[in-house]
Structures are given as C-alpha cells and as structure tokens.
Amino acid sequence: MSAGLDNLKHVVVLMMENRSFDHMLGALHAEDSRINGLTGKETNPDTTNEPAKVLPQAKFQGQLDPDPDHHFPAVHKQLFFGTPGPPAVPSMQGFVQSYFDQQHDVSHSRKIMFYFATDKLPVLHTLARNYAVFNGWFSSIPGPTVCNRAFAHYGTSFGKASLDIFFLKEPFKSIYERLLAAGRTTKLYYFDPSSSTQEVVNLLKNQPQIFATYPQFLEDCKRGLLPDYCFVEPNYSDHPGEGGGELLASDQHPDHDVQEGEVFIATIYNAIRQNPDLWKSTALLITYDEHGGIYDHVPPPACIPDGFHASLDDTNGVPFDFDRLGVRVPTILVSPWIAKRTVVPGPEDPVKGRVFEHASIPATITQHFIGEYDARTVREKAAQTFLDLLTDTMRPDEDCPHFEFD
Amino acid sequence: MAKPPVIRVPKPSRSSYQPHRLLSKNTLLLNQVKHFKALEKDFPPEHQTGIAHESILTEAHAAEYIRRMTLKLHKPPAKA
C-alpha cells in the first residue's frame, strides 16, 4: 500500500454536467502529447457534406442553445453515423448531423465541434496539469444524465437508458447504503433545496439522513468533519438565493455559464486545500456525467454487460444490453499524493491503457472503505479502481496551486 | 519560504443570470420537475405544494417548485 493510500481518509466526488473530454481538455494535447486530446485536424461532415473542423472557439454561454440532444437515439447517431451500427467501431462522425436535427441550421450545427482554447478554463486546465488526468474515463451509457449518474451511485442503472429515476425496490444497494451498513460515514451534498438532487427521489424518500447542502460541505471541510465518502452536486438552475441575491447555475450544463462551474470547482478544491489535515488525507475526483451531445474523437469501447436489457422505448428500437460505454468525459483526480502531470493512459495505449467509467466510483469506494462485498453488479465488480494513482510522496505545499477569485 | 502558485479565477458576467430562461431549453431540469410532479401526486392534499404544475415555465419557477418539494420530501407526511 502506498503512503498516499495509507493516509487516505476521505474521498470526495464532484460530478458536473454534459461536457465531453475534447470540448474541455482537448486543447491540452498541444502542450502535452500524452493527453489524448485534439490535433486540430478532426472533422465531422455537416449536412452539406462539407467537413466541419474542430475549432478552439467554445464560449462560456450562448453557443450551445438549444441543449444538444444526448438521449440514446441521438447519441447512437453521433457515434455510428456512416456505419452499419454496433458491433462496428463507432465512427464518431455524427455529432454535427445530430445537432443539425434540432434546428436545421448548418452553421449552428458546426458549433458542436468547438472546444475551449488553452487557459480559457484556468481551473480545469490547472488541475489537469497538476494532478492526474484520465485519457480513458467514459460515461457509462451512451445516453442522458440520470442513468449515467445512477452508475456512480449504484454501479448500474437497473436497465434504464433514459431519464427515468424510479429505481425503487431494486436488487443492488447504493454506495451510501452499503457504507452506512458497514458502519462508515457518507453524505450526498446538494447545492440547496431549490437545486436539490438528481439522485434520486427514492433516496430522498428513504434516506434523508445522508443528504446535506453545499454550505454544510464547506463548513464540514473547515471543521474537518467530512465523512469517509461524499458526493457533491452543483447548482442546476439560475435562481434567487434564500437570503436574496442571484445564484447562477454551476453545473456547466448547456446553456449555463461554464465560468460559474469553474468557480464552483475551484471553491471545492480550495475548501479541501485550505485545511492541512484534510488536504493530506483526501482525494477529490472531478468528473462529468456525460458528454451532453458535444464532440469527442475517441470511440467508446465495449464493456462487460450489465446483466440488464434496455427497454426499446428508451433506445428508439435499438437493442442495447449495456455492453458498450458512452462518450468520454473529462475526469481529474486531485491529491497532494499524486505526481504532477500524471496522465492515465486510455484506449490509445494498447499495453498500459486503462478504461474507467462511472461504475469505477462505487467500485473504488467499496474496495477502499468496505472491502469484500459481493452484492453488486458484474459490471461494477469488473470496473477499474483509481486509488492506486496515489504515490508514496506527498508534494510540498508550494508545489500545489491555490485559486483566488477576481 | 516559497508560496504555492496562485491561479486567478474570473467570475462570469452579471448578464449570465437568466432565471427566466425557458424550462424547455434544459431537458435535465425539465425532467427533474417532471419527477417531482409524479411524486407529488402521491402526497395527501394537505402536504402538496399548491403550485399549479402548468405554471412552471422557467428556471426560476422550477427552482421554487423544487425547493418546496425538497423540503417536503425531507419531512414526509405522517403515515396513517
């Protein structure tokens, strides 16, 4: 066991919304060729059959309106356009065509190929440069939010490939229930009651004791009271604050302002970073639920089937047995025990490459805090875990960045 | 003693705040509201929010409805 793992007492997972790896981190390939981002030559055909190139012209807001379709049928088109479909390797050629379907505007549809230029995202890009960035972390399902988030909580979506949330009376327990039963501590922090939680009505009904709000997270960091494992949800809507003022959505879901999400990520990082005891004993995983219909160039690989079959209503008649992953998402693991500029290879490296997905979250937490635990899906049991990235060396304080707000 | 590198984080412009953005523009929020509506139907009348579902048209409307529902879900009605 590494010294980093030996010192680990807390794992914090922050799951943002609807951005692909290439859209957020693809620019970093230019400065570090190990990061499997964009070369600048990637294209998708538009509906006039002209190539739409990736361009570093992504804006914080006002560009991806309407919300790009990311339900299963649309993602199927984004992945398999120009191919006979599964089991063919995804072509990743249908993103522009799919976005065109929503507004029938050729010029607008090409914006789905835009990505953020280097340092346009100072928080995410700084964290990627300073800690561990995953080249091969994929969403669990080629579909929307709720089923993907379910994999982070349960290691499965119980056969759902849609936004259906009613996972009641299901055979596998959430990671929170498992931890509580094992005598461990856990919390799910949502932003505030007006934003509430995407996870999930049955948790609100059955497990209100695990829920707390974001201000409580900040207080728990300050006082050193974080539980063993916690999951943080951003603010999902623009709304007035309880005590007045204006609260911006921080989830980065199009068309919410990406900069507010940057502020949110930095605030969480700082909250952990500013408590020395917490900093040396906490790993923070920042990830995104799915790609939100936005371009990524890496074909999602096959995976071990989940043991469920999707309803054909969810997939528009396409058979789906949860045997292949969704589009790649930005994921960064932060800890002072991680070597600077760690890049975890993905499918681009046939020898050392590792494939992660959201089932890796309960798999890792179960392994670290519970140990042997059989009552979970084969998919979760097979998922890669990520705490082996913690090393024997704790980096000095002056080597780890700190964020300040304008 | 060397200090850690400081990275400046810009804040979004005030015009980013758009609580009147139509709910139909965000499928996630739209579905969150839909799910809470489905739950509310099972509440006894005295525990319901009193918000007419058809009046929830914007993010601000959705946020207020979700707020009331969340508080109620944390204090579920007593079982008969």
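In the text below, chain A, chain B and the rest are named by the order of the sequence lines, each starting its count at 1.
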*Could you tell me if the ring centre of A:Y269 sits under 6.0 Å from that of A:W279?*
yes

*Proximal component of B:N31, with respect to chain A [non-hydrogen, under 4.5 Å]*: side chain

*Against chain B, label A:L121 side chain, backbone, both or neither, depending on which of its atoms sit under 4.5 Å from a heavy atom there.*
neither

*A:P66 versus chain B, heavy atoms under 4.5 Å apart: side chain, backbone, both or neither?*
neither

*chain B contacts, top residue of A:P144, A:A266, A:P254, A:C400 (heavy-atom pairs, under 4.5 Å)*: A:C400

_Using 0.5 Å steps for rounding, measure from the CD atom of B:Q32 to the OG1 atom of A:T197._
8.0 Å

*Check: A:N235 main-chain N/O paired with A:S250 side-chain donor or acceptor under 3.5 Å*: yes

*Value rounded to 0.5 Å, distance of OG1 in B:T58 from CG in B:L29*: 10.0 Å

*When you check the gap from the basic side-chain N to the acidic O, do B:K37 and B:E40 get nearer than 4.0 Å?*
no

_Is A:P396 in contact with chain B via its backbone, its side chain, both, or neither, using a 4.5 Å heavy-atom distance?_
neither

*Engaged part of A:S195 at the chain B interface, taking heavy atoms whose separation is under 4.5 Å*: backbone

*Heavy-atom contact with chain B under 4.5 Å, split by part of A:H402*: both

*Which pairs count as salt bridge (charged side-chain N to carboxylate O under 4.0 Å, His left out) when at least one residue sits in residues 19-32 of chain B, sequence neighbours excluded?*
A:D65-B:K25, A:D238-B:R21, B:R21-B:E59

*Measure A:F60 against the heavy atoms of chain B and call it side chain, backbone, both or neither at under 4.5 Å.*
neither

*For A:V123, is it the side chain, the backbone, both or neither that has a heavy atom under 4.5 Å from a heavy atom of chain B?*
side chain

*With sequence neighbours left out, which residue pairs that include part of residues 394-404 of chain A fulfil the salt bridge (charged side-chain N to carboxylate O under 4.0 Å, His left out) condition?*
A:R273-A:D397, A:K340-A:D399, A:R395-A:D399, A:E404-B:R8

